[in-house]
Structures are given as C-alpha cells and as structure tokens.
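As the structure is a computational prediction, the values presented were derived from the model and not from experiment.
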Amino acid sequence: MVNSFNDDLIKLIRLSNDIESKIQLTRFFGETNSFFDMGVYESKILENEIVKFFISKVPTCTTLKPDNIKKNTLHVISTPYVTGGHTRLCERLAVMESIKPDILVTRYLNEISDSVQRLNTFFESNYYVDAKSSMEKQILQNMRFLINYKNVVLHIHQDDICLVVALGILRKYNPINVFFVNHADHCFSFGDSVTDVKLQISARGYLLDKERIDKEYISSFIGIPLKVCVDKLEFQDRPVNFMMAGSSWKMKPNKYGSSPQIVDHILTEIVDSKFIIVGTNIYWDYWWWKILFKYGRRVSFFNEIEYNKYMEITAEADACVDTCPVVGGTAFVELCLQGLKPFGVLSGISGYTPLDIVKSENVFNVLNQKIPTSIFENIIETHDFFNVRKKYLDAKAGRYHELPKSLLGNGNDMDLFKKGKRIYYSWFVFRLFFRVKYNVKFSLIPILLKHFSYCSLIRLFFSIIPKFFRTILKVK
C-alpha cells in the first residue's frame, strides 16, 4: 500500500507541467518518505527528471558563469539550529578545513537569525536563499552561489530538492565535487544523483547504504567528532544521580523499547537514586506522567535549556543512560567522557558510537553492564577530533575509510522505522499539506484519502486534548 502511495505521487509529479507545482509535489514526496519509512531511501531517477524538466522550462539556467576564479569549499545547510548535533557537526567539519570555508543557508527565514548569526564564527562568508521565494527563484539563487566553488559539502535536509536540482543542472556543464554528509542516515534523502562521496557517520547509515541500488558515489566513514579532554575513563562504583538527554520523540515508548521503563527500573532497584530527564516537556509528553506521579521529586524534567544550565546538571550527575528506543546521538558518549558511568538498553538502533557495547539486551539487566577495557581506545578511534579530521580530509583528497569494527555487532534492525500497510495522519502531515499552494493541495487530496489510515484520524483527534491543556497553561 505504501509503495502504491509513492507510485501515485510520482505519477502526479510527472503529470505536473509547471515548475512550482512539480517542485512542491517533489518536496512533499521527499518529506513524506523521510517521515514515514516506506523502504525508499533515494530517488535518483526522479531527481534527474526534475533537472531535465527545469532546463527545458528555463534554458538560460545553463549559461551561468562563475563570478571570478573558483573558491575552494562551500558548506551547504538547509536550516541551521542553535541546539542539537546536526549544525554542530557542520561547524566542526568547517574548523577542520585548511582554508576557512564559506556557507550557504538554502532556507533562510528571519526566525532562524540567531542560529545563522552563530555560523559567523566558523565560516568566512555566509550566503542565504530566501525560503519564501518561488521554487524557481530558489533554484536559481542556489545556482548563483554554488557555481563559484570547486568543492561543495552538503548538510541538507532530506527534502531539499531545490538545492539538489541546482547542483544537478550545474554539474552537467561545470565540474563541482560534492561531498554529502549523511546526517539523516536512517531514512530517505534527496541527493544521490549529485553526490561524489557520501561521508558516513554511523554503522546504520553505512549498512543502509549497502542496500542502495546502482549508486554512483563512493562511501567513506568519518564519524562524529567530539572533544576528548581525558586520558582514561573513570566512574563512580555506585552511581545514584542518573541523567538522560535527547530529543523528546526518541524517548517515546514503542514495541522496540521504552525510556520510561528504564527509568522506572533504575529508580526501583536503587532506592536512593534520582533521575534527571533533559529534552522532554512533561506537560505534553504523556508517556512520562506515570513516572512523575510514582516517584515525585526523585525525578526532574527539563525541556530546552541553555548550555550553561545543561553543564550544571551534568556536573551533578554521576551516571548517564542513553535514550530508547531511538538513541540520543552523541549526548551519550559525551556524558560518558565527562565521567558519567554509561548505561543503556539495545533497541535495534546502534552504530553511532562504540559505547553501544555497554548496553544490555533488556531493561532488567540494564544495571549489570560490563565496560570493556578497550572501550576508551575505540572511542578515541571513532570520535577524537583529529582522527575524524584526518578521515574527512582524506575523503576530500580521494582516500577513503571503511567502517570501524567497533561499531558493528550491536544489533541494527534495518526495518525498525518501516510503516505498515497504510501510513497515518499526524500534525506533521497536515503542516506539509497546508504549506503547499492551493492547486497542489487539490491534487493531493485523492492520494491522501486513498492511502492514509482513517483510524489515525481518531488518534490525532485525541492528541488534541493534551495540546489544548498545554495552550491553556501557556507552557512553552
């Protein structure tokens, strides 16, 4: 059924004969496939079709020339963020360059001005594409910036079709080396048709990449760079102040794992323990309500907090637990390197850090973990800034690296995010739908009615209740 959804949507895209509709529908295709894992991870054929279509509609786009002598490297990011690891990785790779690079923000809005301002520290020049302009103008603006560089490093969102089309056009008559940092390594992303080297940051991305058909790029592992300020790992023998940090959705229970269940078990087993959860909104995330009522002051919840406050909380903790069922990115290993004893439960997602090896196979054994003597050496190999820098610069020079063995063997379920026979309605889907223009909305309605689960509309209705109370209480 989900494959039929994609077939119908691609048919609609191919029937569209104006640039705005075709690009908006293609972006909708990218957004839905990245949100709902339908087993589709690339769409190289569709990307090439859109490139040919755009050239036929705007033939003058092939006449662009560089302003001057080409500069070395341009990093490209769709939307930078103040928090999270996506933009931090972009910044850290920029610092590794021998010549300070420039950056292009492909979806600039006034609302992200703070995060854009932060980029000034890491990049020589910042360029922006107006996200409110038409699809045609966004593609042409992207082209005017991209054409002036020899190397382009992509940190784009999965659905950034305007940037991919711009690169696809330019590469037909203009040599540009493209390095794609595989941030969204667990789901669909545009970009395969314009990529020379895919820079992998995890075993999951590396393994999923093996399933790609007829890929024309090379994969090279670089890892996620971290600041390592210790010579060895030292922990409390009996920790009592536990901490978990990550995005709220990563902690939401499903059949593969449950963060609240882990917290419940630890607080029950260690009667004098306390737990701090960072990244959740207790008024909205109902899956934590039972823990709050059961343990009261023994558990504390924080939503978005400033860095200084985060460091204060970290200083009070002596143990860290990775989020489950979805792992929390680099937060887990970063906390470990600050002296917090690591704990966790395997859930079918692994391979971002060698620290996965300390995790247990079930909640009831989470406190019985064993830390191998080689773990610090493996962390250095994978995450040390200078080791990642070497792999990154090697890849740009044509020397490629395989995945470290320490990232394999901890259980990666490649079908973990795959949806069932029907895909469901959510606030995310409605936001996508109402963002497209009127005639595109009208053409999408039959597809949405045909392929989406009606039961999900009922669940969506009941989800309004906590949202209503959140509004009443004015909780941000």
Side-chain angles (χ1 to χ4, degrees), residues 51 54 58 60-80 86-108 112-113 115-131 133 137-157 160-183 190-191 193-199 217-218 220 222 225 385 388-400:
V51 167
F54 192 89
V58 190
T60 55
C61 69
T62 61
T63 62
L64 283 177
K65 301 294 182 183
D67 293 339
N68 294 297
I69 298 174
K70 281 198 171 190
K71 298 173 73 174
N72 193 286
T73 300
L74 176 72
H75 286 248
V76 181
I77 191 167
S78 300
T79 305
H86 173 265
T87 307
R88 301 296 82 76
L89 179 55
C90 173
E91 294 166 352
R92 288 167 183 169
L93 293 182
V95 173
M96 296 175 184
E97 304 274 7
S98 54
I99 300 173
K100 198 171 185 179
D102 298 334
I103 189 164
L104 170 63
V105 178
T106 67
R107 293 177 181 170
Y108 181 79
I112 64 170
S113 58
S115 54
V116 169
Q117 187 67 28
R118 177 186 163 94
L119 296 174
N120 292 333
T121 307
F122 303 93
F123 296 93
E124 185 69 27
S125 300
N126 296 0
Y127 305 107
Y128 315 108
V129 172
D130 184 4
S133 59
K137 287 182 179 178
Q138 288 185 48
I139 291 170
L140 293 174
Q141 286 177 49
N142 276 312
M143 290 179 66
R144 291 189 185 100
F145 293 120
L146 293 165
I147 197 171
N148 293 309
Y149 293 86
K150 299 175 184 176
N151 302 299
V152 172
V153 183
L154 301 183
H155 307 267
I156 58 172
H157 286 358
D160 200 340
I161 185 63
C162 288
L163 183 280
V164 171
V165 171
L167 267 176
I169 297 168
L170 288 176
R171 280 165 59 92
K172 284 185 172 298
Y173 65 93
N174 192 71
I176 300 176
N177 300 314
V178 178
F179 303 87
F180 188 107
V181 183
N182 197 14
H183 290 270
F190 287 125
S193 67
V194 297
T195 298
D196 294 306
V197 181
K198 185 160 287 190
L199 303 174
Y217 56 80
I218 297 168
S220 187
I222 59 169
F385 178 89
V388 175
R389 181 178 186 268
K390 182 182 186 306
K391 293 170 188 171
Y392 171 61
L393 296 181
D394 277 354
K396 290 187 71 179
R399 298 183 294 272
Y400 308 114

Cut-off 3.5 Å, side chains only: do Asn148 and Asn68 have a donor facing an acceptor?
no

Check the side chains of Glu97 and Tyr392 for a donor-acceptor pair under 3.5 angstrom, ignoring hydrogens and angles.
yes

How close do [X] and [Y] get, heavy atom to heavy atom, and via which atoms?
{"X": "Leu199", "Y": "Ala395", "answer": "CD2-CB, 3.6 Å"}
{"X": "Thr195", "Y": "Tyr217", "answer": "O-CB, 3.2 Å"}
{"X": "Pro101", "Y": "Ala94", "answer": "CD-O, 3.7 Å"}
{"X": "Phe385", "Y": "Val95", "answer": "CZ-CG1, 4.1 Å"}
{"X": "Tyr400", "Y": "Ser220", "answer": "CA-OG, 3.4 Å"}
{"X": "Ser125", "Y": "Asp102", "answer": "N-OD1, 3.0 Å"}

Nearest-0.5 Å distance, [atom1] of residue [X] to [atom2] of residue [Y]:
{"X": "Arg389", "Y": "Ser98", "atom1": "CZ", "atom2": "OG", "value": "7.0 Å"}
{"X": "Arg88", "Y": "Arg92", "atom1": "CZ", "atom2": "CZ", "value": "8.0 Å"}
{"X": "Leu163", "Y": "His157", "atom1": "CG", "atom2": "NE2", "value": "11.5 Å"}
{"X": "Ile77", "Y": "Leu154", "atom1": "CD1", "atom2": "CG", "value": "11.0 Å"}
{"X": "Thr106", "Y": "Ile139", "atom1": "OG1", "atom2": "CD1", "value": "11.5 Å"}
{"X": "Tyr149", "Y": "Lys70", "atom1": "OH", "atom2": "NZ", "value": "11.0 Å"}

Please test Val152 against Val76 for side-chain contact (heavy atoms from CB on, under 4.5 Å), starting from the C-alpha separation and ending with a verdict.
CA-CA 7 Å; Val152 172; Val76 181; 3.7 Å; yes

For atom NZ of Lys150, is the number of surrounding heavy atoms from other residues, nucleotides or ligands below 6.0 Å larger than 12?
no

Hits for side chain to side chain contact (heavy atoms under 4.5 Å, CB included) against Phe145, two or more places apart or cross-chain, chain-then-number order -> Leu104, Tyr127, Val129

Could you walk me through whether Ile222 and Leu93 pass the side-chain contact (heavy atoms from CB on, under 4.5 Å) check?
CA-CA 10 Å; Ile222 59 169; Leu93 293 182; 4.3 Å; yes

Side-chain atoms of residues 167-181: list all donor-acceptor pairs with protein atoms under 3.5 Å, sequence neighbours left out, distances to 0.1 Å.
{"residue": "Arg171", "atom": "NH1", "partner": "Ile176", "partner atom": "O", "Å": "2.7"}
{"residue": "Arg171", "atom": "NH1", "partner": "Asp196", "partner atom": "OD2", "Å": "2.8"}
{"residue": "Arg171", "atom": "NH2", "partner": "Asp196", "partner atom": "OD1", "Å": "3.2"}
{"residue": "Tyr173", "atom": "OH", "partner": "Cys61", "partner atom": "O", "Å": "3.2"}
{"residue": "Asn177", "atom": "ND2", "partner": "Asn151", "partner atom": "OD1", "Å": "3.1"}

Let me know which of Gln138, Met143, Gln141 forms a side chain to side chain contact (heavy atoms under 4.5 Å, CB included) with Cys162.
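Exactly one option meets the side chain to side chain contact (heavy atoms under 4.5 Å, CB included) with Cys162, and it is Gln138.
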
Got a donor-acceptor contact below 3.5 angstrom from the [X] side chain to the [Y] backbone?
{"X": "Arg107", "Y": "Thr79", "result": "no"}
{"X": "Glu91", "Y": "Leu119", "result": "no"}
{"X": "Asp394", "Y": "Arg399", "result": "no"}
{"X": "His183", "Y": "Thr87", "result": "no"}

Just wondering, do Ile99 and Glu124 contact through their side chains at under 4.5 Å, heavy atoms?
no

Would you say Val194 and Val51 make side-chain contact, with heavy atoms under 4.5 Å?
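Sidechains of Val51 and Val194: no contact.
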
